[in-house]
Amino acid sequence: MENASKPKAKWSQVSAASRRQFFADTARLACGVGLLGLGLGLYARHATALPPVALRPPGALPEAEFSAACIRCGLCVRDCPYHMLYLAKPGEPLSTGTPYFVARQAPCEMCEHIPCVKACPTNALDHALTDITKAKMGLAVLVDQETCLNFLGLRCDICYRVCPVLDKAITLEPQSNLRTGRHTLFIPVVHSAHCTGCGVCEKACPTEIAAIKVLPLQLARGQLSAHYRLGWVEKEKAGGSLVAPDVEHSYHLPEGMQYAPGKGLSVVPPGAEPALPQGGAVPPAPTFPKAFQGDKL
Amino acid sequence: MSAHTLRPGAEAIAEKGWLTAHKWLLLRRASQIGILLLFLVGPWFGLWIVKGNLNYSYTLDVLPLTDPYLLVQMLAAGQTPENLAWIGAAIVVAFYLLAGGRSYCSWVCPVNLLTDAANWLRARLGLKGSAHIGRAARYWILAMTLIVAAVTGTIAWEMLNPVSMLHRGLLFGMGLAWAVVLAVFLFDLFVMRQGWCGHLCPVGAFYSLIGKLSVLRVRLPAREACNDCMDCFAVCPEQQVIRPALKAINGAPPLILEANCTNCGRCIDVCSKNVFSFGTRFGAAVPTVAGAVSPALK
């Protein structure tokens with residue numbers, strides 16, 4: 001074939017010197033661009049770590065996937081009716097052009113129709129999210145008990161009252177106030193199953209610096225080891241105790257004394273039978289629990 | 001021969017009048033600025049004709065437009081978009097298959113305004129000398145951005161891309177983007193002639209791949225009239241594209257088929273002999289396609 005032999009002939013006509021020059025130029029270019037690529041890659045790795053105050057919009061994929069899926073168009077920013085989303089600018093410690101919000105400045109107002117997710121042309125904001133209460137933008141954590149007004153004994157309750165997932169994401173748990181000895185502390189407790197990480201609590205916290213903050217899930221969340229079982233849950237599932245029942249506790253008390261939980265030590269009133277479990281009593285014959293009956297649990 | 005002492009295009013102005021000798025340049029500036037304004041009237045005046053930016057935009061809530069280069073990077077990084085983004089990319093690719101791939105560079109891209117300014121200033125200041133990097137560097141960089149996207153699983157180039165940085169910066173806040181943009185301007189002004197757009201930019205390189213097949217072309221219906229004044233070479237941002245068609249190298253047809261022609265039309269403006277005009281790649285005699293396509297680069 002004429003065409004096929006033509007370039008070959010041309011190549012052999014090229015002088016050795018210019019051929020060497022060609023390889024040298026190509027190598028120079030490849031190495032230069034390779035170095036640029038290495039720098040870019042390292043920079044990209046570095047910049048995918050999201051700073052803790054920056055939260056992603058509802059439905060955002062986990063950070064590693066998000067930085068691949070987000071097309072940096074800003075449509076979520078434009079369609080947010082509360083204008084609380086921003087695109088990261090060069091120089092900010094986030095992937096340039098990706099959306100974020102800062103809860104203390106302006107939290108997510110949890111629109112029912114989630115316009116930001118609908119606007120996303122990629123799946124960076126997961127379109128499977130249709131119920132905003134299922135969003136997981138982060139997790140509220142009462143990070144500073146020493147400055148939380150409720151911990152100090154006041155009835156601030158603001159985080160509890162402003163929470164859009166009222167009485168589910170944050171509950172107030174009564175505890176006795178040991179300082180005064182007569183009051184109750186109403187301790188705000190966040191429940192991760194319901195908290196969307198919208199940040200309304202952090203925004204509303206009246207202290208100088210918020211005592212409750214929304215943190216990214218990977219920072220805020222712990223996890224039990226896979227082999228852990230909650231005894232009481234398993235017991236309920238199985239419909240009965242799975243282990244041998246506790247042996248009834250017996251107290252070794254001085255003669256003529258008795259003990260009752262909550263009441264404490266007291267002298268056995270004259271005439272009364274001494275409390276039985278003083279060591280001499282025979283415990284009832286144990287019925288074998290399931291664990292000992294050859295069941296596969 | 002007097003053209004060597006005059007500024008490029010002087011002869012054309014004398015022959016055709018200033019307006020005709022700047023027709024395509026003016027239209028191009030109108031297009032670049034007009035498109036930018038379409039985006040800007042949203043954030044400036046709350047008039048939302050177009051939302052988004054050059055990466056992806058949504059016009060009048062009906063027309064999605066996606067930068068196909070971004071889509072490819074996303075795929076390389078292991079993610080797939082929603083339907084609207086696919087449709088948007090298809091529309092953009094179809095449009096540039098008609099209008100010429102790198103028409104994006106000269107008619108849309110905001111960085112072109114800056115690099116054109118840098119090159120204008122470079123000429124006015126008489127700055128000679130330019131770093132040498134081959135024009136193929138952009139394809140290496142294009143490949144590199146896709147490899148980095150695949151390896152890191154992020155659209156890494158977006159952290160450096162002056163094109164989207166400038167456009168997004170104007171719409172959403174510049175941050176330190178001005179530094180990157182200034183660097184590109186100064187690079188083109190002092191370091192390398194046509195440095196960014198003509199040698200390095202992978203966005204342009206990507207659009208040039210579409211441009212290999214595109215329909216709208218600069219034609220040279222009167223190439224015999226050429227008087228070798230060199231004005232077209234002086235103004236062309238991709239000078240290597242002109243010679244094969246103008247000088248019939250390897251029997252090339254009177255038609256610029258090089259993928260990197262940006263369809264800026266400046267050669268049409270500055271030619272006093274009206275050698276150039278816009279047309280399609282079809283029609284007229286195409287002597288040997290193989291010969292025409294073979295790049296006589298240097």
Side-chain angles (χ1 to χ4, degrees), chain A residues 3 6-7 22 25-26 28-48 61 63-79 85-92 94-99 117-127, chain B residues 42-43 48 51-58 64 66-67 70-71 73-74 76-88 132-134 136-137 140-141 143-145 147-149 151-161 164-165 168-169 171-180 290:
Chain A
N3 278 349
K6 217 177 175 183
F22 169 76
D25 285 349
T26 307
R28 201 162 55 110
L29 203 53
C31 289
V33 173
L35 277 178
L36 180 66
L38 184 67
L40 183 63
L42 291 174
Y43 180 40
R45 275 280 167 83
H46 180 71
T48 45
L61 297 177
E63 195 52 27
E65 292 155 53
F66 185 83
S67 60
C70 174
I71 201 167
R72 282 89 164 151
C73 67
L75 280 197
C76 52
V77 175
R78 293 298 185 224
D79 280 9
L85 287 174
Y86 303 96
L87 285 192
K89 297 169 193 159
E92 291 179 345
L94 285 91
S95 231
T96 300
T98 55
V117 171
K118 282 190 182 148
C120 182
T122 69
N123 226 16
L125 305 183
D126 193 347
H127 288 231
Chain B
W48 294 106
K51 280 185 207 165
N53 56 40
L54 286 180
N55 288 2
Y56 174 84
S57 65
Y58 205 34
T66 312
D67 184 345
L70 247 109
L71 192 80
Q73 289 178 79
M74 180 191 300
Q79 292 288 325
T80 47
E82 288 288 297
N83 286 343
L84 272 183
W86 281 114
I87 296 167
H132 179 74
I133 301 176
W140 289 81
I141 294 176
M144 178 272 285
T145 61
I147 291 169
V148 173
V151 171
T152 63
T154 72
I155 305 180
W157 179 244
E158 274 305 287
M159 294 199 279
L160 225 57
N161 187 359
S164 55
M165 235 181 232
R168 192 168 43 232
L171 297 167
F172 292 89
M174 284 294 262
L176 287 178
W178 65 266
V180 177

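Lettering of chains follows the sequences in order, A, B, ..., and the numbering in each one begins at 1.
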Asker: Identify which of B/A137, B/A76, B/A136, B/G78 forms the greatest number of heavy-atom pairs closer than 4.5 Å to chain A.
Answerer: B/A137
Asker: What part of A/C70 gets closer than 4.5 Å to chain B, counting heavy atoms only: side chain, backbone, both or neither?
Answerer: backbone
Asker: Considering all heavy atoms of both residues, which atom of B/M159 and which atom of A/S95 are nearest to each other, and what is their separation?
Answerer: SD-OG, 3.8 Å
Asker: Could you tell me which portion of B/I87 (side chain, backbone, both or neither) has an atom closer than 4.5 angstrom to a non-hydrogen atom of chain A?
Answerer: neither
Asker: What heavy-atom pair brings B/L71 and B/P81 nearest, and what distance separates the two atoms?
Answerer: CD1-CG, 3.2 Å
Asker: Below 4.5 Å from any heavy atom of chain A, which atoms of B/W48 appear? Answer side chain, backbone, both or neither.
Answerer: side chain
Asker: Select one option (side chain, backbone, both, neither) describing which atoms of B/I155 are under 4.5 Å from chain A's heavy atoms.
Answerer: both
Asker: In terms of heavy-atom pairs under 4.5 Å, which option from B/I141, B/L84, B/T66 contacts chain A the most?
Answerer: B/I141
Asker: Between A/G91, A/G32, A/G97, A/P121, who has the most heavy-atom pairs with chain B when the cutoff is under 4.5 Å?
Answerer: A/P121
Asker: Of the backbone (N, CA, C, O) and the side chain (C-beta and beyond), which part of A/L38 lies under 4.5 Å from a heavy atom of chain B, both, or neither?
Answerer: neither
Asker: Roughly how far, to the nearest 0.5 Å, is the CG atom of B/N55 from the CD atom of B/E158?
Answerer: 4.5 Å
Asker: What is the minimum heavy-atom distance between B/M165 and A/P90, and which atoms define it?
Answerer: CG-CG, 3.6 Å
Asker: When only pairs under 4.5 Å are counted, which of B/V148, B/N53, B/L70 shares the most heavy-atom pairs with chain A?
Answerer: B/N53
Asker: Search all heavy atoms of B/M144 against all heavy atoms of A/G37 and return the closest pair with its distance.
Answerer: SD-CA, 3.2 Å
Asker: For chain B, find which of A/V77, A/D79, A/V33, A/L36 contributes the most heavy-atom pairs closer than 4.5 angstrom.
Answerer: A/V33
Asker: Is there a donor-acceptor pair under 3.5 Å between the side chain of A/N123 and the backbone N or O of A/H127?
Answerer: yes
Asker: How close do B/F172 and B/G52 get, heavy atom to heavy atom, and via which atoms?
Answerer: CE1-O, 4.0 Å
Asker: So for A/A30, is it side chain, backbone, both, or neither that comes closer than 4.5 Å to the heavy atoms of chain B?
Answerer: both
Asker: Under 4.5 Å from any heavy atom of chain B, what part of A/E92 do you find: side chain, backbone, both or neither?
Answerer: neither
Asker: How far does CG of A/D126 sit from CD of A/E65, to the nearest 0.5 angstrom?
Answerer: 9.5 Å
Asker: Taking A/S67's backbone N and O only, do any of them form a donor-acceptor pair with B/T154's side chain (distance below 3.5 Å, no angle check)?
Answerer: no
Asker: Among B/M74, B/R168, B/E82, B/Q79, which residue has the highest count of heavy-atom pairs closer than 4.5 Å to chain A?
Answerer: B/E82
Asker: With respect to chain A, which residue among B/A156, B/A77, B/G42 yields the maximal number of heavy-atom pairs within a distance under 4.5 Å?
Answerer: B/A156
